[in-house]
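Down below is the structure, laid out as structure tokens.
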2 protein chains.
Amino acid sequence: MKKEIKTLDTSTEEKIKEAARTVFHKKGFAATRTRDIAEEAGINLALLNYYFRSKEKLFNIIILETVTGFVQNMSMVLNDGRTTIEKKVEQIASNYIDFITKEPNIPIFMLSEMRNNASGLAEKLPIKQIVLNSIFFKQHQEAVAKGKITEPDPLHFLMNLLGLTVFPFLAKPLLQTVNGMNDAEFSKMMQERKKLIPVWIKAMMKAK
Amino acid sequence: MKKEIKTLDTSTEEKIKEAARTVFHKKGFAATRTRDIAEEAGINLALLNYYFRSKEKLFNIIILETVTGFVQNMSMVLNDGRTTIEKKVEQIASNYIDFITKEPNIPIFMLSEMRNNASGLAEKLPIKQIVLNSIFFKQHQEAVAKGKITEPDPLHFLMNLLGLTVFPFLAKPLLQTVNGMNDAEFSKMMQERKKLIPVWIKAMMKAK
DNA sequence: TCAAAATTTAATCATTTGATTAAAACGTTT
DNA sequence: AAACGTTTTAATCAAATGATTAAATTTTGA
């Protein structure tokens, strides 16, 4: 048969990547053992080095994919010319709450691995372009000019939106023990926030 | 026999704790080597085990102190009967921005180490008590009753406040490369947020 | 079919790492 | 000073860990 498209889903290489993603996301680079990944993938340890040379190289592939996926979503929304700025806020809040609900380890994984920027990751990401050249950026400028938004720096805007959206997931371990909150309750709370965050952002941005 | 008070500031035990705090905060438990701590403290490696038995026991002491310190500040503010809820928001934003500016590694350290709650830390903290029995909690209930605050759950209130305050520090590595922001600019931005966050929170809480 | 190439496996290596030990150095008490 | 307890040091240990190797097995292509 063709060797290229031979059920890539279950190829050894893909199994290792999938396992690496799972373990790295959950435990981070330093706490992850290559043997953990091999076991999770159900493969011989040596295959990890056979396909990816080293733990570090495998990690760099995973984190680049993870961060790219995270940013891409926002990029799409920010560059949609058909939606208002209000609608963009709704979409970002809603999309990220759904996304992080499915992959709850991603925010703390990304932020903790970037803390010393060891992988030089940030340089590889065109986030600045994404924001500064975005339709959102222009819409924000217009809204400021028209006095509909008080704070002129779009950075505050995006940071507030992401903070309100992402921070609860980061604080979840605390909430669960401290507040006795279970997964269902947390999930319900985040669903509420899909509607609350756009309302809050709107109110904040008009405030002065 | 006697050894109680002999310049505790520079005692070996204290030097090790201080070094451990520095290294653990910066790199996290898994990435920290006991030799890193010994070197930072300028002591022989064996002394770490002599005074603290194991890396893990030393870590548990450090993280408990760190989180306690972090929570204590909020507890004081939330239980001050002489301040309004608006003033409490100002104080928490201001205190934490100052605190984290001095110790920028603490938020990501706390959150990433709690992600699997390995140290069973959350159980040791009386945060639930702190919030539910606080003066703030009663003031919040009153404000809701009087219609001054729309959202009835004080959890949203505190999570929003902390999210707006802490999240920028977590995202700092991104901002620095992506936005080309240097330390001085970041610091200036956070000083602005001391004034902005109370205004924003006030507007958010009235929104509906 | 069969030889070459690719993949997989078990065994092993060299370091790293947390921890311990025995002896030396230091300080206190008598 | 001598005896005793405490602190510090250098050396070492055992387990863990990332990586490699050589052989076995499977797949590919003529």
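By convention in this document, chain letters (A, B, ...) are assigned in the order of the sequence lines, proteins followed by strands, and residues within each chain are numbered from 1.
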[atom1] of [X] versus [atom2] of [N]: gap in Å, rounded?
X	N	atom1	atom2	value
N44(B)	dT21(C)	CG	P	15 Å
I37(A)	dA16(D)	CD1	P	18 Å
I43(A)	dA19(D)	CD1	P	13 Å

Strictly below 4.0 Å: does T12(B) bring a side-chain N or O up to OP1 or OP2 of dT7(D)?
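Indeed not, no polar side-chain atom of T12(B) lies that close.
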Any side-chain heavy atom of T22(B) sitting closer than 4.5 Å to one from I37(B)?
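Heavy-atom side-chain distance check fails, nothing below 4.5 Å.
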Side-chain contact, heavy-atom cut-off 4.5 Å: F109(B) with R115(A)?
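The answer is yes, as the side chains (C-beta and beyond) meet within the 4.5 Å cut-off.
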Residues from residues 28-35 of chain B sitting under 4.0 Å of DNA chain C, heavy atoms only?
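Those residues whose heavy atoms fall under 4.0 Å from DNA chain C, taken from residues 28-35 of chain B in numerical order, are T32(B), R33(B), T34(B), R35(B).
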Less than 3.5 Å apart, which donor and acceptor atoms pair up between the side chains of residues 157-170 of chain A and the rest of the protein, not counting sequence neighbours?
unit_1: N160(A); atom_1: OD1; unit_2: R193(B); atom_2: NH1; d: 3.1
unit_1: N160(A); atom_1: OD1; unit_2: R193(B); atom_2: NH2; d: 2.6
unit_1: N160(A); atom_1: ND2; unit_2: H156(A); atom_2: O; d: 3.2
unit_1: T165(A); atom_1: OG1; unit_2: L161(A); atom_2: O; d: 2.7

Does the ring of Y51(B) carry K57(B) above it, NZ/CZ under 6.0 angstrom from centre and within 45° of its axis?
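Judged by the rule, K57(B) and Y51(B) form no cation-pi pair.
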State whether [X] and [Y] are salt-bridged, where the test is any N-O pair (Lys NZ or Arg NE/NH1/NH2 against Asp/Glu carboxylate O) under 4.0 Å.
X	Y	result
E40(B)	K15(B)	no
D36(A)	K27(A)	yes
R21(A)	E65(A)	yes

Using heavy atoms to find the nearest nucleotide of DNA chain D for L47(B) and L45(A) separately, return the residue whose nucleotide is more 5′.
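That would be L47(B).
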Proximity to DNA chain D (any heavy atom under 4.0 Å), residues of residues 48-65 of chain B only:
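Under 4.0 Å from DNA chain D: Y50(B), Y51(B).
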Hey, which of I92(B), N95(B), D98(B) is the one that makes side-chain contact (heavy atoms from CB on, under 4.5 Å) with N73(B)?
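Output: one option passes, namely N95(B).
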